[in-house]
Amino acid sequence: MRKGIGVYLHVPFCLSKCPYCDFCSFPGSREEDRERYVGAVLREIAEREFPRRSVTSVFFGGGTPSLLSTAQFDALLSALSSRFSIERDAEITFEMNPATADRDKLRALRSLGFNRVSIGCQSTSDAELAALGRAHTAEGFFDAYRDAVAAGFSNLNVDLMYGIPRQTANSFAKTLSDVLSLGPTHISAYGLIVEEGTPFFTRRDTLGLPGEDAEADLYALASETLRNAGYRHYEISNYARPGYECRHNLLYWRQGEYAAYGLSASSHFAGVRETNTRDLSAYLAAPAAAVSERTVINGADAEYEYIMLALRLSEGIDEADFRRRFGHPFRETYADKLAPYIARGLLAAGDDRTALTDGGLYLSSALLRDLLP
Amino acid sequence: MTEKQKHIRNFSIIAHIDHGKSTLADRILEKTRAYDLHEMEDQILDNMDLERERGITIKARAVRLGYRASDGEDYEFNLIDTPGHVDFGYEVSRSLSACEGALLVVDATQGVEAQTLANAYLAVDNSLEILPVINKIDLPSADVERTRAEIEDVIGIDAEGCPAVSAKMGLNIDDVLEKIVTSIPAPSGDENAPLKALIFDSRYDSYLGVVVYIRVMDGVVRAGDVIRLMSTGAIYQVTEVGTLGVTEMTATDALSAGEVGYLTASIKSVGDTRVGDTVTHADRPCAEALPGFRRVQPMVYAGIYPEDGARYGDLRDALEKLRLNDAALHFEPETSIALGFGFRCGFLGLLHMEIIEERLEREFNLDLITTAPSVIYRVTLRDGSTRFIDNPSNYPSPDEIVEAAEPVVRASIITPSDYIGGLMDLCQDRRGEFIDMKYLDQTRVELHYILPLNEIIYDFFDALKSRSKGYASLDYEFLEYRPGKLVKLDFLLNGDQVDALSFIVHEEKAYPRARKIAERLKENIPRQLFEIPIQAAIGSKIIARETVKAMRKDVLAKCYGGDITRKKKLLEKQKEGKKKMRRLGSVEVTPEAFMAVLKLDDDA
């Protein structure tokens with residue numbers, strides 16, 4: 001039997017643009033903009049030819065999907081349901097900015113079938129939230145979290161950030177303990193990346209960024225604290241209570257297959273990745289013909305992507321799976337390149353699987369560069 | 001003196017850098033209508049791009065000009081250009097010895113400078129008539145009378161009535177031309193004596209082979225003659241003789257005593273025609289060669305390596321091409337554990353080295369790594385033998401050495417008196433031995449020092465300029481070898497010695513330099529997966545240490561479905577960036593690290 005697929009749906013609207021954000025998103029949208037966009041996505045769902053396979057995860061990401069109305073969520077999810085067979089126990093997630101939370105909407109979404117919510121908290125320090133230009137306060141996050149629980153959500157992710165301007169180990173530790181006290185099933189903790197082209201990049205020298213060493217310390221702090229609290233550090237930036245690893249994201253990291261709708265969204269089927277345009281008006285004009293990049297991933301490229309993604313996971317590369325996909329063993333094939341990392345304790349190589357150690361995950365790019373074809 | 005000789009004037013133009021030598025040459029060329037004005041590119045005598053860019057003349061050239069003087073007679077001028085830098089002192093002196101006179105150009109706003117003096121002395125040594133020309137009189141700060149007085153007081157030559165010109169504006173150039181006729185002696189020499197001609201330059205032409213620039217002192221040379229080059233004894237048959245135009249050469253029947261021109265004789269390399277050598281006839285040789293010939297010896301050596309090891313062959317071809325035209329460039333293959341295959345190259349001085357590096361990079365599109373330049377040390381060993389060491393890697397171990405000696409130079413620095421203190425500190429710091437100080441006038445001073453060459457080949461000139469707001473000028477010449485307490489300083493990265501970073505230093509400088517270089521290396525070694533100790537050592541004794549901490553973060557924090565292509569590209573880009581790095585054993589180093597040892601001035 002074939003494996004289930006995922007479905008991603010991109011909502012490119014935000015209340016405001018965060019100064020570090022380089023995602024495809026537009027601040028200050030009006031209701032009619034969103035309505036037009038949702039109409040276009042519905043057309044794309046109806047017209048785009050994706051394999052009709054059974055779906056094990058749906059993810060509404062952004063942007064800020066929670067800006068959409070209940071009716072719009074309903075229309076989109078219904079369209080997906082009629083296009084694919086969504087399994088009964090599928091993981092259905094939407095991302096939410098605390099500033100857009102609304103108890104009634106949350107309850108409505110829960111009854112539409114959404115069973116997982118991912119809340120963009122980032123920090124429980126108002127000073128840090130202000131530094132990040134976020135549109136909510138710590139209290140706003142706590143309220144949103146409680147509202148989501150009250151609405152019946154039991155599978156919740158909280159997004160955190162470290163490496164925030166002027167962030168200290170103490171303030172991050174407080175954020176971690178504040179969030180742990182809520183007991184979410186899943187926590188993502190991302191190091192702030194100052195991407196070229198963002199306002200933060202222009203001001204990077206005066207922002208008070210903590211720097212490489214401090215950031216590495218914060219990363220280690222998150223890993224230790226969360227593991228002590230019973231979470232698995234299952235991917236570089238992701239932690240979950242056992243059994244609550246994000247199923248949808250695991251598809252990405254295991255080179256699974258997924259459909260994707262909306263602006264800039266990427267799908268992957270049978271070794272072909274298709275990415276939609278980032279140009280909103282082009283997308284609105286022809287949503288089902290908006291693929292701007294089509295990449296056939298085969299041979300060495302497929303193998304490399306597999307390695308690059310699988311090594312993000314603490315479970316690493318499964319020898320049997322690797323051999324089945326590529327016809328040769330992983331460890332033996334790359335023995336020379338892996339050896340120095342094994343010797344330094346950055347990589348653990350067993351008979352069945354090869355994985356970066358806790359210490360190795362945060363230095364993984366070095367190995368990935370060495371492994372490039 | 002023949003009637004022909006009476007109408008020949010052979011002269012050079014000499015000057016301190018930037019005093020307007022090339023501009024004056026252009027005006028003279030223009031006035032004598034040597035070539036079509038429309039075709040003129042400024043400063044045509046400097047016909048290498050690099051020379052034009054740097055505003056200096058690197059290779060001497062000569063040109064024959066026609067001039068009708070106010071006495072109604074037609075004269076033939078041979079203007080022999082000279083290289084304008086201290087590195088090329090020997091070539092200057094040979095060019096001068098082909099002449100009877102020299103125009104000494106002095107900037108009316110600057111006065112006499114170190115190279116003005118050095119060049120004037122060279123001209124005097126070669127018994128030349130010196131004709132001072134005061135230039136840049138169009139500038140508001142020009143002081144003609146003061147400059148005139150300075151020429152008389154400092155150099156000791158008569159400057160009364162010498163031309164005061166603006167070469168840039170073309171002012172009073174006729175004056176100069178007339179003075180050339182009246183002040184500079186016509187050549188003498190016996191046409192009937194055995195051939196004796198001086199080689200003052202040569203260049204390689206891909207059709208003709210080597211074109212040899214000569215001044216005939218005695219006798220006559222014709223196409224078909226069999227000639228001998230006296231220093232090597234090599235015999236050639238002359239294929240062509242002729243005169244040198246600005247852009248073309250004109251074949252003639254003969255060149256006779258007093259004349260300047262060229263000859264070709266199917267000579268394959270400029271290395272076979274040494275500047276200063278004497279050309280004579282094989283069957284009727286002159287009794288003795290012209291005096292003053294010596295083989296040009298490189299003073300400074302450095303390792304040059306291709307950044308990309310695969311381009312070793314290209315580098316060799318490029319060096320061979322450059323050597324066709326530059327007899328002073330020496331090179332031989334060398335292998336460095338750190339840098340792979342490359343060449344140990346010998347240069348006349350640091351400027352010569354920079355020019356070669358720049359030409360290799362620009363004309364041959366090579367990316368290079370150059371090791372710290374070294375002088376040649378003379379080492380006497382326990383077994384009584386003497387060795388000359390041009391590569392620090394080959395420096396014998398201390399227990400084998402009885403005596404180590406380093407080349408020292410006699411340096412002359414001319415500076416406004418305001419900067420004496422700073423410059424004396426600088427010379428002191430560079431182990432200089434003070435000889436004397438002379439006031440040239442109330443505000444300008446000439447300092448004489450004996451300085452170790454290895455103290456001035458790196459950044460001395462820059463330091464001199466920065467401490468004198470650009471006003472001080474420098475000239476130096478090799479004096480002798482002097483014994484000194486020299487030690488070899490080695491550097492170890494992660495415990496492994498890096499041969500390309502070793503250099504020789506005076507004992508008393510070893511500690512501060514070791515510390516400074518270790519710091520510089522630290523800046524040039526990116527953090528890696530492990531901690532990297534940087535150690536400086538003399539023999540087995542560690543005298544300085546720095547540490548590059550291990551890298552803590554090298555990660556793609558996020559990678560979801562839409563990021564895969566982008567993140568993969570990012571990794572590829574990072575890998576491409578790393579290719580520039582040099583791998584020394586287990587350590588990656590930026591190519592700049594090898595230059596880190598060069599920049600030593602504490603003020604910089």
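Within every chain, numbering begins at 1; the chains are lettered A, B, ... in the order of the sequence lines, protein sequences first and strands thereafter.
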May I ask you to check if K488(B) and Y395(B) form a cation-pi contact, with NZ or CZ under 6.0 angstrom from the six-membered ring centre and within 45° of the axis? no
Counting only heavy atoms closer than 4.5 Å, note whether L251(A) contacts chain B via side chain, backbone, both or neither. neither
Go through T295(A), N249(A), L361(A), N238(A) and name the one with the most non-hydrogen pairs under 4.5 angstrom from chain B. N249(A)
Where on S364(A) is there a heavy atom nearer than 4.5 Å to chain B: the side chain, the backbone, both, or neither? both
So, the part of I236(A) with a heavy atom under 4.5 Å from chain B: the answer is side chain
Relative to chain A, which segment of E572(B) carries a heavy atom at a distance below 4.5 Å: side chain, backbone, both, or neither? both
Would you please say whether a donor-acceptor pair under 3.5 Å links the side chains of Y252(A) and D563(B)? no
Who among D213(A), I193(A), L368(A) has the most heavy-atom pairs with chain B under 4.5 Å? D213(A)
Any sub-3.5 Å donor-acceptor pair from D490(B)'s side-chain atoms to Q497(B)'s backbone N or O? no
Please classify the contact between L363(A) and chain B as side chain, backbone, both or neither, with a heavy-atom cut-off of under 4.5 Å. both
Mind checking whether Y234(A) and H186(A) have ring centres under 6.0 Å apart? yes
With chain A, the option among L570(B), L556(B), V555(B) that has the most non-hydrogen atom pairs under 4.5 Å is V555(B)
Listing, residues 534-543 of chain B side-chain donor-acceptor contacts under 3.5 Å, not counting sequence neighbours, or none:
unit_1, atom_1, unit_2, atom_2, d
K541(B), NZ, Y511(B), OH, 2.9

With T93(A), which of F60(A), F59(A), Y8(A) fulfils side chain to side chain contact (heavy atoms under 4.5 Å, CB included)? F59(A)
Using salt bridge (charged side-chain N to carboxylate O under 4.0 Å, His left out), reason through R467(B) and D425(B) one step at a time and then give a plain yes or no. CA-CA 10 Å; R467(B) 288 178 192 223; D425(B) 287 347; 5.4 Å; no
What residue, out of E215(A), E235(A), E293(A), has the most heavy-atom pairs lying under 4.5 Å from chain B? E215(A)
Hey, are E44(A) and Y283(A) close enough side-chain-wise for a donor-acceptor pair under 3.5 Å? yes
With only heavy atoms counted, which part of T565(B) is less than 4.5 Å from chain A, the side chain, the backbone, both or neither? both
Could you tell me which portion of I297(A) (side chain, backbone, both or neither) has an atom closer than 4.5 angstrom to a non-hydrogen atom of chain B? neither
For the residue pair H233(A) and Y219(A), is the inter-centroid distance of their aromatic rings smaller than 6.0 Å? yes
Inter-chain contacts: residues 261-273 of chain A against chain B, heavy atoms under 4.5 Å: S266(A), R273(A)
Checking salt bridge (charged side-chain N to carboxylate O under 4.0 Å, His left out) for the pair R552(B)/D217(A): CA distance, chi angles, key distance, verdict? CA-CA 9 Å; R552(B) 299 281 311 279; D217(A) 288 340; 2.7 Å; yes
Below 6.0 angstrom between ring centroids: does that apply to F343(B) and Y312(B)? yes
